[in-house]
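All chains are named by letter (A, B, ...) in the order of the sequence lines, taking the proteins before the strands, and each is independently numbered beginning at 1. Note that this is a predicted model, so its numbers are computed, not measured.
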Amino acid sequence: MRANTWAGRNKVKVRDVPDPKILNERDAIVRITSTAICGSDLHLLDGYVPTMQDGDVMGHEFMGEVIEVGRGVDPGRLRVGDRVVVPFPIACGACGACAAELFSCCENSNPNAGLGEKMFGHPVAGMFGYSRLTGGFAGGQAQYARVPFADVGPLKIESDLTDEQVLFLSDILPTGYMGADLCDIQSTDVVAVWGAGPVGQFAMDSARVLGAAKVIAIDKEPYRLQMAERAGYTPVNFEEVDVRSRLLELTGGRGPDKCIDAVGMEASHGSAHVHAYDRVKQAVRSETERPHALRQAILSCRSGGIVSVIGVYGGFLDKFPVGAWMNRALTLRTGQCHVQRYMKPLLQRIERGEIDPTRVITHTLPLDQAERGFEIFKNKQDHCEKVVLKP
Amino acid sequence: MTQLAIREAVKARQDEIQRRGRGLGWMSLGLGMAQLAAPDAVRRISGVDDSPTSRMVVPLVGARELAHAAGLLTSRRKSIWAWTRVLGDAMDLASLGVAIAHRAGRRRRRLVGVTGAVVGITVVDLLTAVQATRAKRIGTVRGLREGGSMELTATTTIRKPPPKVYEFWRDLGNLPTFMTHLEEVRTTGDRTSHWSASPVFGKNVEWDAEIVDEAPGEKIAWRSTGNADVPNTGTVRFGPAPDGVSTEVHVVLSYDIPGGALGKAVARYFGEEPHQQLDDDLRRLKQVMETGQVVRSDGAPWGKRARKEFPQRPAQPLSDAELAKGADA
Ligand SMILES: NC(=O)c1ccc[n+]([C@@H]2O[C@H](COP(=O)([O-])OP(=O)(O)OC[C@H]3O[C@@H](n4cnc5c(N)ncnc54)[C@H](O)[C@@H]3O)[C@@H](O)[C@H]2O)c1
Ligand SMILES: [Zn+2]
Ligand SMILES: [Zn+2]
């Protein structure tokens, strides 16, 4: 089959690889009809998340048709012919973490758990196309994919919604939603979202449907800020204004009640000096993150507020504003998304028309043009917000 | 040297490196604190108090030193952290070089003095880094190779009640499904059994064992009998977890590792962090009990061989040929 693979730092290549096969009894094979490129793929692309290998099949946002199931798959749950969206964390459904609905921390789905444990203290779940730390599973930017624990994760789509309407249930819609969900949003809340990428846009939509009084979008790309503004959110361009002062202005001096970091480890900073400092530290690996958005979110949040982190971080950072966090009674919440927890309720919101996930799609390309897709998405060319690939 | 003497010598060398690493750590801490707390004093002493850039650079260098200090003082992996110091030294020497080129008189003299000191520090850093890297290579494995006894402990929690987990373990034939070093365990009597090691542990290594103590649902203890190649004992305890549904499993294994070729093979199997093997065994026990099978991925397709497969194959589907050849290809 054709598949998009990692080919060294900042290089992807669509190549021919073998078709996937059933390796465990509860596997299914899915013929992929739509897949997408995610901001997380960019962290893998440039090697900031370690342990990628030449030839790794990338991609963790995909959907399609079940063409084969292992003999351990409960036919009441999944059959050949079903149309499914596949959540990116692989979860067994039976361990302590799964029982607590912490699916992205599943204790059984990562064959390289020992590696993850070294890096993170405790291991994390297996994930598709997401380095060896998360198990070394082939990803979904391909014609076919093997899906372990197929009777647990995949969500059957029985209505006639289009691929584009449901594809993002695999990751970014639940992720954005979890970012807002972790904020315990009240009807009086002003919610500020750092990052107007696809994840940030969905965090804003979710803050809206959860009843926030006002939603603020922070980014530097004018076209992404315009997309947020068209959806009803207040744009703040961090290259043009001082974010903290602008946020104080917008909140009568209180600061946002809830702050969401939808940027992650590769943030850029309005000040070239500060950016250079963290960039150098990241390059010599004495710090693995560029945590500008996170630092700013913590310093901006009102006392007693919640900072919710869905942007991905991989290792260590310094100059963490621990004093602000502690003295001002802030709550920090975070996690890789527990996608399985949110898929069904979000599907219902899509069916009811409360959220329109298609609004972020700017490009649809054949799988064979994945390389170009990565390039325009990474470099914010051609007003690119989200790329969907068709195998 | 006798086996014991070799082991002592290796250990003494490692202790020395740990000590020197800690020394450098304290130095980084002092330097970093000074640069952050009194940057102006540091700038004056170094002769760069005339430059506005140094006002920004000195605290940054201070922050870097603190990171080194944290690494050197808290991590046993001194080698990596020692190398980051060498890198830092190189950066400092470069900026000092630039600074000297632009100055004369008193400031230049001070700068030359500081540069001399940094060169000295660089030599010590380089030495420590090189030695720490070497010591890491010979470390534990050499110690084990010469024989001796080794005790491993590990623990996990499984979401099944204690009687279920006990029952699975008590059927000793199940052990090879999750323990990498076992190929087969055959029950030969009520309390006796015959064990064969997998080739990764040692070719044609077999032994008889007997259960010496057991309490249903709670505990099993066993030991090898007769003339075992690798005499060993084991105990596993099963206790209820606080959640009321799960079992806490505690395992202790101990091995008398012989000298010679077999000892070498066993040492290679356990590698630098022997307890990891048992940790991984228990992770797989948990997978089997909770999900029915050991989990496979494209990068690590052979289940309990996962750790032996580093560096792993790429995360892309296996070809028919690879699949047909199986784990031993
Ligand atoms: N937690 C999860 O489960 C999960 C799932 C998917 C994605 N993610 C993460 O979410 C993050 C965003 O993903 P995406 O697909 O939207 O990526 P993206 O790269 O398209 O979006 C990031 C946006 O942040 C902006 N940005 C950079 N620096 C900033 C700063 N200092 N302040 C404000 N904005 C800044 C960029 O201009 C860009 O528009 C990534 O880190 C990704 O890995 C997490
Ligand atoms: Zn993603
Ligand atoms: Zn699980």
Side-chain angles (χ1 to χ4, degrees), chain A residues 1 3 5-6 15 17-21 23-27 52-58 72 90 92-96 98-99 107-115 117 123 126 128-132 135-139 142 144-146 148-149 273 277 280-281 284-287 316 318-319, chain B residues 56-57 60 63-64 66-68 70-71 80-81 84-85 87-88 91 156-160 241 243 245-246 273 276-277 279-280 283-284 286-307 309-323:
Chain A
M1 66 168 181
T5 59
W6 197 77
R15 5 184 176 194
V17 304
D19 288 347
K21 288 141 196 109
L23 294 179
N24 280 114
E25 288 171 2
R26 288 165 66 190
D27 292 350
M52 288 296 284
Q53 215 170 290
D54 187 17
D56 285 358
V57 177
M58 298 197 63
I90 302 169
C92 76
C95 69
C98 286
E107 297 154 13
N108 285 322
S109 61
N110 184 351
N112 295 334
L115 201 65
E117 189 173 61
F128 295 100
Y130 213 111
S131 88
R132 244 126 286 265
F137 289 94
Y144 301 91
R146 160 186 174 245
F149 301 117
H273 291 313
Y277 169 73
V280 167
K281 297 208 70 163
V284 303
R285 299 290 190 267
S286 75
E287 164 179 71
F316 303 90
D318 65 22
K319 295 209 166 54
Chain B
M56 204 182 81
V57 171
L60 292 191
R64 186 195 72 205
L66 289 187
H68 290 164
I80 297 170
W81 290 102
T84 66
R85 263 190 68 103
L87 214 98
M91 272 161 69
T156 190
T157 297
I158 296 175
R159 247 178 101 74
K160 295 275 170 185
D243 67 358
V245 293
S246 304
E273 289 162 290
Q276 278 284 346
Q277 297 294 346
D279 284 349
D280 285 346
R283 256 193 267 279
R284 284 184 289 266
K286 182 175 161 72
Q287 289 172 5
V288 172
M289 297 257 26
E290 291 180 346
T291 81
Q293 275 192 313
V294 172
V295 179
R296 293 156 189 260
S297 73
D298 314 85
W302 309 122
K304 66 177 188 168
R305 296 284 182 83
R307 181 164 296 273
E309 289 169 54
F310 275 94
Q312 297 183 338
R313 62 184 304 290
Q316 64 170 243
L318 288 87
S319 65
D320 292 325
E322 274 179 297
L323 210 59

Test item: [X] side-chain N/O and [Y] main-chain N/O as donor-acceptor pair under 3.5 Å:
X: B:Gln293; Y: A:Glu25; result: yes
X: B:Thr291; Y: A:Cys92; result: no
X: A:Asp56; Y: B:Ala315; result: yes

Subject >> Contact leader toward chain B among A:Ala3, A:Ala142, A:Gly135, A:Cys95, where contacts are heavy-atom pairs under 4.5 Å >> reply: A:Cys95
Original post:
Going by heavy atoms in the side chains, are A:Arg146 and B:Pro317 under 4.5 Å from each other?
Top reply: no
Original post:
Side-chain contact, heavy-atom cut-off 4.5 Å: B:Gln316 with A:Pro18?
Top reply: yes
Minimum heavy-atom separation for [X] to [Y], with atom names?
X: B:Arg283; Y: A:Pro123; answer: NH1-CG, 4.0 Å
X: B:Arg159; Y: A:Ala94; answer: CD-O, 3.3 Å
X: B:Gln312; Y: A:Arg132; answer: OE1-CG, 3.1 Å

Original post:
Which region of B:Val294, side chain (C-beta onward) or backbone (N, CA, C, O), has a non-hydrogen atom less than 4.5 Å from a non-hydrogen atom of chain A, or is it both or neither?
Top reply: backbone
Subject >> Under 4.5 Å from any heavy atom of chain A - which part of B:Leu323 >> reply: side chain
Contacting region of [X] [heavy-atom separation from chain B under 4.5 Å]:
X: A:Pro148; result: neither
X: A:Phe149; result: side chain
X: A:Asp27; result: neither
X: A:Met1; result: side chain

From [X] [atom1] over to [Y] [atom2], what is the distance, rounded to the nearest 0.5 angstrom?
X: A:Asn108; Y: B:Met289; atom1: CG; atom2: CE; answer: 11.5 Å
X: A:Glu107; Y: B:Lys286; atom1: CD; atom2: NZ; answer: 4.0 Å
X: B:Gln276; Y: A:Glu117; atom1: CD; atom2: CD; answer: 6.5 Å
X: B:Ser297; Y: A:Leu23; atom1: OG; atom2: CG; answer: 8.5 Å

Subject >> Greatest number of heavy atom pairs closer than 4.5 Å to chain A - which of B:Arg296, B:Glu290, B:Gln287, B:Lys160 >> reply: B:Arg296
**OP:** Would you mind telling me which of B:Asp320, B:Thr156, B:Asp279 has the largest number of heavy-atom pairs within less than 4.5 Å of chain A?
**Re:** B:Asp320
Original post:
Who pairs with A:Ser131 by side chain to side chain contact (heavy atoms under 4.5 Å, CB included), at least two apart in sequence or on another chain?
Top reply: A:Leu44, A:Val49, A:Thr51, A:Met52, A:Leu133, A:Thr134
**OP:** With sequence neighbours excluded, tell me which residues meet side chain to side chain contact (heavy atoms under 4.5 Å, CB included) with B:Ala241.
**Re:** B:Thr157, B:Asp243, B:Ser246, B:Glu248
